[in-house]
Amino acid sequence: MLRDVYTLPTSCTTPPTVVAPGAKPIRSCYIRARTLCVVTENTQQSNHSAPELPTQYTPADVEGPLYERWVERGYFEADEKSDKPPYTVVIPPPNVTGSLHLGHAFEHTLIDALTRRKRMQGHETLWQPGMDHAGIATQNVVERELAKEGVSRHDLGREAFVERVWQWKNESGGQISGQMRRLGDGVAWSRERFTMDEGLSKAVQTIFKRLYDDELIYRAERIINWCPRCLTAISDIEVEYQDDDGELVSIRYGDVEGAEQSDSTEGGGGRRAGASIVVATTRAETMLGDTAVAVHPEDERYAHLIGTEIELPLTGRRIPVVADEHVDPEFGTGAVKVTPAHDPNDFEIGRRHDLPNLAVLDERGVITAHGPFQGLDRFEARSAIVGALRAEGRIVAEKRPYTHSVGHCSRCKTTIEPRLSMQWWVKVGPLAKAAGDAVRDGRVAIHPKEMESRYFGWVDNLHDWCISRQLWWGHRIPVWYGPNGEVVCVGPDDEAPTGEGWTQDTDVLDTWFSSGLWPFSTLGWPEQTPSVGKFYPNSVLVTGYDILFFWVARMMMFGLYAMDGTPPFHTIALHGMVRDQFGKKMSKSFGNAVNPLDWMDAYGSDAVRFTLARGANPGVDVPIGEDWVQGSRNFANKIWNATRFALMNGATVEGDLPPAEQLSAADRWILSRLNSVVAEVDAHYDDYQFAKLSDTLFHFAWDEVFDWYVELSKTTFMAGGPAAEVSRRVLGEVLDVTLRLLHPIVPFVTETLWTTLTGGESVVIADWPKDSGFRDAAAEREIETVQQVVTEVRRFRSDQGLQPGQKVPAQLELTGTALAPHEAAMRSLLRLQPAGEGFSATASLPVAGAKVALDLSGTIDVEAERKRLTKDLGAAEKEKAQATAKLGNEAFLAKAPEKVVDKIRGRLEAAEADIVRITAQLAALPTA
RNA sequence: GGGCGCAUAGCUCAGCGGUAGAGCGCUGCUCUUACAAAGCAGAUGUCGGCGGUUCAAAUCCGUCUGUGCCCACCA
């Protein structure tokens, strides 16, 4: 036993209490929550006293207390007075009433990894935390809560309702911060912000006033997207279009009688003036509000009707036939009913022809027009009206189902109702131009680059942004209306007008208005705080491509506008969406949504983070399955145990690394590889290639360090002497650096192991590894050869059915090869005993210039061996044939680069040598 | 209707001009003194179809098929 472990009723942080009599604690070390590992004098007497770790890695025990310790020590706080170069990333603020899902866990992992690395690199790092009030979404959530109590927001009244939302916010906001802590997010908690905070509200008001004064905000009556359930306007991008089945009906307007002879597929334009005209629509109920029929100006079928009036069925009204370019003569009958108050296109046509806007639906989508349909819901009205028209013989064609694209409210999925109303707008033209230019001229880079076209496509074709919402939860529009029609926009330092008849606008702002200011409002803007100076612009924005338009483009517009042309960040790194293990979108209704906490409980936060990072190819969706998280947990366990091994064998970070001439080939090989990996990981970080850097580290750590270097070092340690001392230092070095490289992705397990290994305060504030430039190609080749021989002999053993542990007497002929110094290691890895008395080789394996003769004390399985060799021979011959063909191709020799030709020549030589070797081996096999 | 992307091992994905890769899964043997959440060995692909460019194509070009996403005012 190297140590004594006592179970104590307290955690590690309390002073160690000695339970076992006689044991004298010398040093306590980090351990499971309720177990304290005590290194005693007893331990000191053994060869290598080492702090001990439990044999199995238990994430919950390891992760528990670390995070709060980091926070207490202030590692994550950012000092605006620091001389260090700044590195700023803002959190894409989650909805305050929500909870984090795997998508957040993914995003946070990436941001946390970036900021942890930069912190280690010596930057003054700010990961800005905070939450979004998420106007409509939050209001809906609270309204649903109220509905359970049988109360509506109108019962409460505005003030009480808003009070209620704040209450809700205070309750649920903590959930997100808890989840972030659990994930390990290294955010500057003291700077946490909320979009409805006083300061941020002031920023909103400031920017509103400025835009208003610059005439970039205006109020106008337009057709907007109206949600009849949320009872508010929403912007274009809050509308989700999906194909719905509807019914396309063709309705004859005008005289029914006059239709007889012209009833045809041509739509019955009729040759007689004043006869009739057939229009097609999917929204029959809006016909009550029709104020015209439009045809294309050059459509000869209807030329005679233009300028005349025609009877609108069911209403007794007569409406004009107008000519408008918008109409596509090829579509349907070539004639369109025009409802300016309920369709954006019709509104435009109406404007061009001075048509009246006749609203026939109220804010809930109920018919208001006097008559038999009044009071019907829009969908009921549709069938009722079609029925009535059919009774009059006016339905000339029906197409059902007719699939067409219908807008839905992105928050509640209710079918959008285009509605004419007075709203506030941002004139985006100049703002969007600047936002586009900043990317075009390279001041802001978008990763991956393919996403740029999407960005341009949007900012270059932007309609004005409707920013007013008929909600109660949000920033109230700072405009006051006077008794005599005065309109006053109130800035943050202005006094709001008081007195008889003055009222404030009742609408609030679109939630994205305030989140568009996030990169600087969180820093204290509009005050010129030191933080604004230090941390603006942000270094990089990490977010999903799904909110490129909602959020990113708005931040660009506002950032450039408010901060005198300085874009809010230099780089936009877009990530994909998290999907399930089959690549399906995660959704609650489909039942494949995962609560990240469940997986963190089962496998640890590190495992969840590593899995997500490993799947993070830029801009591409990330599938994740529980099996994969399990695999990552296994990786963490592997790191854990490798470090345990190292500690038990006295790996150390004390003192300088021995000079190269004292190092073994294995030492030089692993250090050479280590430095290559440092360089590789850095390059991947700089390119936001999280999947690649995670994969690089995974394979380096597991395959090279743990499976080879550690295995090789066992022999060295066993032998003892100066070589073992050197190797202990190298192993310490390799683990130290590897743990530091891994830390940004798997912060918890690396913190535990690194502090135990090095005795350092925390890996969070350790230096990020630097490529020392040390490379040793010769050592790399040498170890690769060792690996080749070992693998080949292992294969032989396996094919021969030898048990892995079975010792086999063997002779190794290594003289004259670089392998001689590795004989002991090879014997150990291959379970080969010295060839003693009566050694009689039954198999001889020539490989890579060496020869390994084995005594299997008996006959070998000739058939298995023959099969194996035959297969190898086949492969070698195929290789030879391919290479020969290539080298026989003159065009190839003439045009291919010398490097490639040499490579093929090398391959041919190797194949030929293999053929000779294998043929000889085959010939040497005893015949059956 | 426009635009972008993707089709590679059973699954999810890398590779993007010079001998097909990873993780998981699968087969066999093993508790070989860090780890069975492990070790070792192994199997598996006409790189969606068809044309073209090239000495050389999974990789570049065209085309077809399938599939996903974004945008758009198709009544």
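Only heavy atoms go into these numbers, but all of them, side chains included; no hydrogens, no water, no symmetry mates. Proteins come first, then strands; the chains are lettered A, B, ... in the order of their sequence lines, and each starts at number 1. What you see is a predicted model; the values in this text were computed from it and never measured.
- Listed candidates were B:rC73, B:rG39, B:rA41. Nearest to the side chain of A:Asp707 is B:rG39.
- For A:Trp708 and B:rG39, the shortest distance from a side-chain N or O to OP1 or OP2 is not below 4.0 Å.
- To the nearest angstrom, C1' of B:rC4 lies 14 Å from CZ of A:Phe456.
- A:Phe717 and A:Phe645 have tilted rings, their planes meeting at an angle from 30° to 60° on a 0 to 90° scale.
- Aromatic ring pairs are classed by plane angle as parallel below 30°, tilted from 30° to 60° and perpendicular above 60°; the pair A:Phe106 and A:His575 is perpendicular.
- Between B:rG62 and B:rG25, the distance separating the two P atoms is 41 Å to the nearest Å.
- Within the structure, every side-chain polar atom (N or O) of A:Lys585 is placed at least 4.0 Å from both OP1 and OP2 of B:rG68.
- In summary, the side chains of A:Thr643 and A:Tyr57 do not present any donor paired with an acceptor at a separation below 3.5 Å, with no hydrogens or angles considered.
- Taking both residues in full, the closest heavy atoms of A:Leu757 and A:Ala651 are given as CD1-O, 4.4 Å, listed atom of the first, atom of the second, then distance.
- At a cut-off of 3.5 angstrom, the base of B:rA37 holds at least one donor-acceptor pair with the side chain of A:Arg633.
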Exercise. Quick one: what's the B/S/- string for nucleotides 15-23 of chain B, heavy-atom cutoff under 4.0 Å, read 5' to 3'?
Worked result: S--BB--SS
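- For B:rA41, one of the phosphate oxygens OP1 or OP2 lies less than 4.0 angstrom from a side-chain nitrogen or oxygen of A:Thr791.
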Problem set entry | side chain to side chain donor-acceptor pair (under 3.5 Å) between A:Gln630 and A:Tyr603, worked out | CA-CA 6 Å; A:Gln630 214 171 71; A:Tyr603 307 107; 3.1 Å; yes
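- Salt-bridge formation is detected for the pair A:Arg868/A:Glu792: a Lys NZ or Arg NE/NH1/NH2 atom is positioned less than 4.0 Å from an Asp or Glu carboxylate oxygen.
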Problem set entry | Pairing annotation in dot-bracket form, given for RNA chain B with Watson-Crick or G-U pairs under 3.5 Å and | for cross-strand partners | ((((((((.[[[[.)..(..]]]].(((((.......))))).....[[[[[..)....]]]]])))))))....
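- Sequence neighbours left out, the pairs with a member in residues 891-904 of chain A that pass side-chain hydrogen bond (donor to acceptor under 3.5 Å, both in side chains) are A:Asp902-A:Arg905.
- Heavy atoms of other residues, nucleotides or ligands lying less than 6.0 angstrom from CZ of A:Arg352 number more than 12.
- Within 6.0 Å of atom CD in A:Gln242, more than 12 heavy atoms from other residues, nucleotides or ligands are found, so the atom counts as buried in its surroundings.
- The same atom, P, is picked in B:rG42 and in B:rG3; the two are 50 Å apart, to the nearest Å.
- Comparing B:rA7 with B:rA14, their P atoms sit 7 Å apart, to the nearest whole Å.
- Using a 4.0 Å cut-off, no side-chain N or O of A:Arg795 falls inside it from OP1 or OP2 of B:rA41.
- Looking at the side chain of A:Asn889, the nearest of the listed nucleotides B:rC55, B:rC24, B:rA34 is B:rC55.
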